[in-house]
Amino acid sequence: MAPKRRILSGMRPTGRFHLGNYFGAAKNWVELQNGGDYECFYMVADYHGLTTQPHARDFEDDLFDLAGDILAVGIDPAKSVFYLQSSVPEVAELFLLFSMVTPYGWVQRTPTFKEKARQQPDNVNFGLFAYPVLQAADILLVKGGFVPVGGDQDAHVEMARETARRFNRVYKPIFPEPKSLSTETPRILGTDGRQKMSKSLGNVVGVTDPPEVIRKQVLSMVTDTKRVYKSQPGHPRSCNVDSLYKVFFPNDWQHYWDLCRKAQIGCHEKKQILAERIVETFEPFRERRSDLTRKEIQQVLEAGSRQAREVAVETVREARSAVGLLPPLI
Ligand code: ATP
Ligand code: MG
């Protein structure tokens with residue numbers, strides 16, 4: 001039997017795990033894991049976190065929180081390899097080898113670099129610029145063929161694909177050409193109603209946050225800016241809250257849409273209803289999360305990192321040999 005194809009994806013420990021992370025990526029991670037058709041590798045991308053926050057200690061709590069949340073939403077260490085990026089440091093060597101075959105122009109054109117540089121103008125470091133090259137190394141280190149991510153990552157996965165193609169052509173065909181896999185909701189807007197929901201921007205609605213925090217976050221959402229009074233008909237088409245109704249009320253969002261159009265429901269009330277639905281939907285995740293201790297999370301990451309590392313060592317050995325480097329002399 002042919003070996004199963006591999007999946008790789010990761011998340012940065014830069015803040016609270018949110019609706020966008022869940023509906024854009026993690027939900028798919030769990031489905032792919034449970035479908036049993038692939039060998040799944042998922043990781044907490046702490047090296048990537050350093051591009052935003054130079055002191056890893058400052059995001060250590062976020063790291064365990066994020067890992068715990070990922071386990072709570074259904075990643076099962078018995079079915080997936082769940083690991084910590086920096087505990088598999090071979091990725092740094094593959095990143096270096098890839099950087100030699102990555103044209104400057106490819107990286108320069110990455111849309112996310114421009115966006116992140118705008119978000120952190122005082123810290124536009126080389127790591128931020130080289131981010132997609134490290135991401136290509138993340139994926140190809142485990143020979144990932146599919147990458148379940150939100151829409152904002154499509155350009156990066158496309159670049160990983162080009163990197164694999166180029167490496168294979170210049171040296172030897174050892175890498176698959178990865179493709180991204182998206183959900184029906186590849187881009188969830190933030191509570192500001194303008195930018196993508198992002199951990200590092202803080203414009204989030206959490207998944208395992210306490211109910212009172214979720215309520216507050218939802219009630220802070222920017223809604224229909226054209227509607228000043230409840231007596232005016234709303235414009236659900238351009239309302240962020242309404243797009244979340246499609247996610248959380250797949251069967252009766254149309255009913256709320258009509259009420260809004262007829263000015264029979266106000267934005268505040270719609271947000272209250274939505275908040276309760278979010279709290280209720282994620283209750284099982286919150287429960288599972290509260291059962292997990294930091295020690296248990298660390299043990300899962302340790303075991304996963306050991307498994308990922310076995311694969312990584314072999315890939316880097318192959319890549320070095322393809323490049324023509326001598327095996328390490330010592
Ligand atoms: P940061 O602000 O640090 O970049 P983030 O919220 O963008 O954090 P990432 O760790 O960069 O989260 O991304 C983790 C996964 O979640 C990726 O697959 C990404 O595409 C997906 N994702 C992130 N935000 C959204 C969103 N708003 N809608 C859909 N998918 C998202
Ligand atoms: Mg991001």
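Both ligands and their constituent atoms are indexed starting at 1 by order of listing.
Atoms of ligand 1 lying under 4.0 Å from any heavy atom of Gly24, numbered from 1 in the order shown and given with element: 29 (C), 30 (N). Within the listing of ligand 1, atoms 6 (O), 24 (N) sit less than 4.0 angstrom from a heavy atom of His18.
With a 4.0 Å heavy-atom cut-off, ligand 1 is reached by the side chain of Ala25 but not by its N, CA, C or O. Neither the backbone nor the side chain of His48 comes within 4.0 Å of ligand 1, counting heavy atoms alone. With a 4.0 Å cut-off on non-hydrogen atoms, Pro186 touches ligand 1 through its backbone and not its side chain. With a 4.0 Å heavy-atom cut-off, ligand 1 is reached by the side chain of Thr14 but not by its N, CA, C or O. Heavy atoms of Asp152 found under 4.0 angstrom from ligand 1 belong exclusively to the side chain. Residue-level proximity to ligand 1 for Met197 is carried by backbone and side chain together, each with a heavy atom below 4.0 angstrom.
Nearest non-hydrogen protein atom to atom 21 (C) of ligand 1 is Gly150 N, 3.9 Å. In terms of protein heavy-atom proximity, atom 10 (O) of ligand 1 is nearest to Lys199 NZ, 2.6 Å. The protein heavy-atom contact nearest to atom 24 (N) of ligand 1 is Lys196 NZ, 2.7 Å. For atom 11 (O) of ligand 1, the nearest non-hydrogen atom of the protein is Arg12 CG, 4.0 Å. Among all protein heavy atoms, the one lying closest to atom 1 (P) of ligand 1 is Ser200 OG, 3.5 Å. The single protein non-hydrogen atom nearest to atom 13 (O) of ligand 1 is Asn21 ND2, 4.0 Å, given as residue, atom name and distance. Nearest protein heavy-atom neighbour of atom 14 (C) of ligand 1: Met11 CG, 3.4 Å. Taking atom 31 (C) of ligand 1 as the reference point, the nearest protein heavy-atom neighbour is Gly20 O, 3.4 Å.
Arg306 is linked by a salt bridge (charged side-chain N to carboxylate O under 4.0 Å, His left out) to nothing, counting only residues two or more places apart in sequence or in another chain.
With respect to the salt-bridge test (charged N to carboxylate O, under 4.0 angstrom), the residues Arg317 and Glu314 qualify.
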(request) Kindly indicate, with the supporting measurements, whether the criterion side-chain hydrogen bond (donor to acceptor under 3.5 Å, both in side chains) is fulfilled by His235 and Asp242. (result) CA-CA 9 Å; His235 307 85; Asp242 202 80; over 6 Å; no

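Counted by atom type alone, Asp154 and Ser180 present one or more donor-acceptor pairs between their side chains at under 3.5 Å. Side-chain contact of Gln195 with Asp192: a donor-acceptor pair under 3.5 Å is present, judged by distance alone.
Counting heavy atoms only, Lys116 comes closest to atom 4 (O) of ligand 1 of the residues Arg16, Lys116, Gln53.
Proximity of the aromatic rings of Phe249 and His255 is defined here by a centroid distance below 6.0 angstrom, and this criterion is not met. Remark: aromatic rings of Phe175 and Phe98 are close, center separation under 6.0 Å. Between Phe129 and Tyr104, the distance separating the two ring centers is shorter than 6.0 angstrom.
Within the 4.5 Å cutoff, the side chain of Arg16 has no heavy atoms near those of the Lys199 side chain.
Judged by the 6.0 Å distance and 45° axis criteria, Lys270 is positioned over the aromatic ring of Tyr245.
Annotation: salt bridge (charged side-chain N to carboxylate O under 4.0 Å, His left out) contacts involving residues 163-187, sequence neighbours excluded, comprise Arg161-Glu177, Arg165-Glu177.
Considering backbone and side-chain N/O atoms, Leu189 never comes within less than 3.5 Å of an N/O atom of ligand 1.
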